[in-house]
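Dropping the structure in here first, questions after.
Side chains included, hydrogens not; waters and symmetry mates left out as well; all remaining heavy atoms used. Residue indices begin at 1 and follow the sequence shown. Since this is a predicted model, take the numbers as computed values, not measurements.
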Amino acid sequence: MTKSSEETAPAKSAPDPAPEPAGEARRMTRRGWTLVVSGSLFLIFVVLGSVVPVPFVAISPGPTYDTLGRDAAGNPVIQVTGHETHPTTGELRMTTVSLHDGVTLFQGLGFWASGRYALAPREEYFKPGETNEQVKQENIQQLQDSQTNAQVAALRKLGYPIKVLAKQIVSGSPADHVLSPGDKLITVNGKKIVEAADVRAALAGTLPGQTVQITFQSDGQPERTVPLTLAARPDRKEGFIGLTAVDRADAPFTVNISLQDVGGPSAGLMFTLAIIDRLQSGDLAGGRHIAGTGEITETGEVDPIGGISFKVVGAREAGATDFLVPEHNCAEAKTTAPAGLNLIKVSTLDDALAQLANLKAGRPTAAC
C-alpha cells in the first residue's frame, strides 16, 4: 500500500491591526486654528489699545483762579510792596485749559465719548522731538512774560513812568560788548526812547555802515554815549544795532504775581485788571463774579488765545456770570458758551475797564 507522502499545511490567519498609541493628540481643525488666531489678535489689540499712546492730546476745561484772591499756599495772587492797596469785592477770575498727553487708544475713545474733551493732533502742541519738560518750561516762561507785560500795562495805565531796557544782546552785533541786558536805553540816533518800539523807529532811514550815537545807563552807573557802526540784516533795509528792547515800569514800589502750576500767556488781561484794582480805589469787579482771558501787550492790546471754548465752560462751572473775551475769539466763544454766561467783547485794556464800569453801573456791555 502506497501512502501519500504529501500533506496540506493549515492556512495562516490575517494579523490584527495595531492599536493607536495612547496620548497622541488629534490634529486641530481649521475652526480651532481660527479661534486661536482671532483670540491672539484680540489680546494684542487690547494690550496695544491700553498701553501704546496715540499721536493725539486730549483737551478739557482747566481750573480757574481768582486773581483778586489767594494762591494754593494762601498768599495773595497780587502782592504789592511799598504802596497802599485797596479792598476789593467779587472776583476777577482767570481761566485755563487742561492738556492730557500720552493718551492711549482706549483713553482717547473714552475722552471723545464723554463730550467734555476734544482730541487734537499732538504736533499742534509739541514740536518734533520736544519733551513734556521742555513744553512745561516754555509755558512757564510765557506765564512770566505775561506777568511782566501785565505789570507794565497796568502801571502805564495808572500813569507811572515807563523805562526801556535792553533785554537781549545779539552776539557779534554792534551792541555786543558795549551794552548789557538790563541797561536803560535813553536815546538812539539822537531820538528819545520812550517805549520799546522807539528803538526800531529811531533807525528808520539809516543804512548799514552808518555810525549813530546811543545813550544808555547801566545799573548804578552814570549815563554813557557811545558811537555804534550799524550792521546789515537781510530782513531789513535800515541799519542794525543788535539788541531787543522791552518796556518796564519805573515805579517806586514792587508788584509780584504768585501763582503756581499754571503756564502760558493767556492770563495777562486778568492779571492787569487785578493789579489796577489793588492799586486804585473803585472796586472794578463790584461784587460780581467775572472771568476772562486774553494775552496782554505792554501797551495794553488784548490778543486772542487758544482754548476759548473750554475756558467759557470752566468759568461758568466756577460760578462766573460774565466773561471778558478777546474780540477775535468771540465767534468761537459763542458756539460753546453755557447758558447764563454773558460774553463781553474787548480788544484793549481800555475796553475792558470801560465794560467793567458798564457792568457795575448796570449799563449794557459790548456783546460778542
Side-chain angles (χ1 to χ4, degrees), residues 62 64-71 75-83 85-86 88 90-97 138-165 167 195-197 245-280 282-285 290-308 311 315 323-327 329 344 346-356:
T64 66
Y65 304 89
D66 180 16
T67 56
L68 295 177
R70 296 180 178 271
D71 63 12
N75 301 313
V77 174
I78 304 299
Q79 302 175 12
V80 180
T81 304
H83 191 283
T85 58
H86 299 272
T88 61
E91 296 179 347
L92 292 173
R93 189 168 287 275
M94 58 164 284
T95 52
T96 68
V97 170
E138 289 177 5
N139 286 335
I140 291 173
Q141 183 60 56
Q142 289 176 342
L143 176 66
Q144 292 172 347
D145 291 342
S146 76
Q147 293 173 346
T148 300
N149 287 353
Q151 294 176 33
V152 174
L155 296 182
R156 188 198 300 269
K157 180 61 182 176
L158 293 174
Y160 290 95
I162 300 298
K163 59 186 176 182
V164 181
L165 305 181
K167 182 179 180 181
E195 59 183 50
V246 292
D247 292 340
R248 292 292 182 264
D250 194 10
F253 56 89
T254 59
V255 178
N256 293 311
I257 300 176
S258 174
L259 198 61
Q260 292 78 38
D261 300 324
V262 177
S266 64
L269 172 61
M270 303 312 289
F271 285 145
T272 305
L273 293 173
I275 293 171
I276 292 174
D277 210 8
R278 287 293 188 195
L279 290 175
Q280 72 171 13
D283 191 17
L284 295 181
I290 301 167
T293 189
E295 186 174 353
I296 196 82
T297 69
E298 295 169 335
T299 54
E301 286 79 26
V302 179
D303 291 336
I305 48 78
I308 187 70
K311 292 180 177 181
F323 194 102
L324 300 175
V325 184
E327 181 177 5
N329 288 125
I344 303 173
V346 297
S347 59
T348 65
L349 175 58
D350 286 343
D351 282 346
L353 292 170
Q355 296 309 314
L356 291 179

Distance-minimising heavy-atom pair for Pro76 and Ser258: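 Nearest heavy atoms, Pro76 then Ser258: O-CB, 3.8 Å.
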Atom of Pro265, atom of Gln142 and distance for their closest heavy-atom approach: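 Between these two residues, the closest heavy atoms are CD-OE1, 3.5 Å.
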Arg156 side-chain N/O to Glu298 backbone N/O, donor-acceptor pair under 3.5 Å: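 Yes; judged by distance alone, with no hydrogens or angles, the pair exists.
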Exercise: identify the closest heavy-atom pair between Ala249 and Val152: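 Residues Ala249 and Val152, closest heavy atoms: N-CG2, 3.8 Å.
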Heavy-atom side-chain proximity of Val262 to Tyr65 below 4.5 angstrom: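 In short, these two side chains touch, coming nearer than 4.5 Å.
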Gap between atom CD of Gln141 and atom CD of Glu138 - 0.5 Å precision: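 The distance works out to 10.0 Å.
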Any donor-acceptor N or O pair under 3.5 Å, side chains Thr272, Lys157: no
pair Leu143-Ile257: side-chain heavy atoms closer than 4.5 Å: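 Leu143 does not reach Ile257 side chain to side chain.
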Exam field: side chain Gln151 to backbone Val255, donor-acceptor pair closer than 3.5 Å: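 Pair found, side chain donor or acceptor close to backbone of Val255.
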Test item: side-chain donor near acceptor, Asp277 and Thr88, under 3.5 Å: no
Pairwise side-chain contact, Thr96 with Met94, heavy-atom cut-off 4.5 Å (strictly under):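 They are in side-chain contact.
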Ring geometry between Tyr160 and Phe253 (parallel below 30°, tilted from 30 to 60°, perpendicular above 60°): perpendicular
Side-chain heavy atoms of Glu327 within contact of Asp351, under 4.5 Å: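 A side-chain contact is absent here, since even the closest heavy-atom pair is not under 4.5 Å.
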Test log, rule side-chain contact (heavy atoms from CB on, under 4.5 Å), inputs Val302 and Ile296: CA-CA 5 Å; Val302 179; Ile296 196 82; 4.0 Å; yes
Chi angles and distances behind the side-chain contact (heavy atoms from CB on, under 4.5 Å) call for Leu279, Leu155: CA-CA 9 Å; Leu279 290 175; Leu155 296 182; 3.5 Å; yes
Any side-chain heavy-atom pair of Met270 and Thr95 under 4.5 Å: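 No - every pair of side-chain heavy atoms lies 4.5 Å or more apart.
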Side chain Asp66, main chain Leu92, donor-acceptor under 3.5 Å: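 A pair under 3.5 Å: yes.
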Thr293 side-chain N/O to Ser266 backbone N/O, donor-acceptor pair under 3.5 Å: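 At least one qualifying donor-acceptor pair exists.
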Short side-chain donor-acceptor distance under 3.5 Å, Gln79 and Thr81: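 Per modelled atom types, Thr81 and Gln79 side chains form no pair under 3.5 Å.
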Identified side-chain contact (heavy atoms from CB on, under 4.5 Å) partner of Thr297 from the options Leu349, Asn149, Thr348, Asp303: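 Among Leu349, Asn149, Thr348, Asp303, the one that satisfies the side-chain contact (heavy atoms from CB on, under 4.5 Å) with Thr297 is Asp303.
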Heavy-atom pair of closest approach, residues Pro326 and Pro304: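 In terms of heavy atoms, the two residues are closest at CB-CA, 3.9 Å.
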Derivation of the side-chain contact (heavy atoms from CB on, under 4.5 Å) call for Glu195 and Ile162: CA-CA 7 Å; Glu195 59 183 50; Ile162 300 298; 5.7 Å; no
N/O donor-acceptor pair under 3.5 Å between Arg278 side chain and Leu68 backbone: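 Answer holds: yes.
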Closest contact, heavy atoms only, Ala245 versus Ala196: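 Where Ala245 meets Ala196 most closely, the heavy atoms are O-CB, 3.6 Å.
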Straight-line distance of Ile276 CD1 to Leu353 CG, nearest 0.5 Å: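 So the CD1 of Ile276 and the CG of Leu353 are separated by 5.0 Å.
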Over all atoms of both residues, closest heavy-atom pair of Ile78 and Ala274: CG1-CB, 3.8 Å
4.5 Å side-chain heavy-atom contact, Leu273 and Leu324: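 Yes. Closest side-chain heavy atoms under 4.5 Å.
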Pair Lys311-Thr64, side-chain contact (heavy atoms from CB on, under 4.5 Å): steps then yes or no: CA-CA 9 Å; Lys311 292 180 177 181; Thr64 66; over 6 Å; no
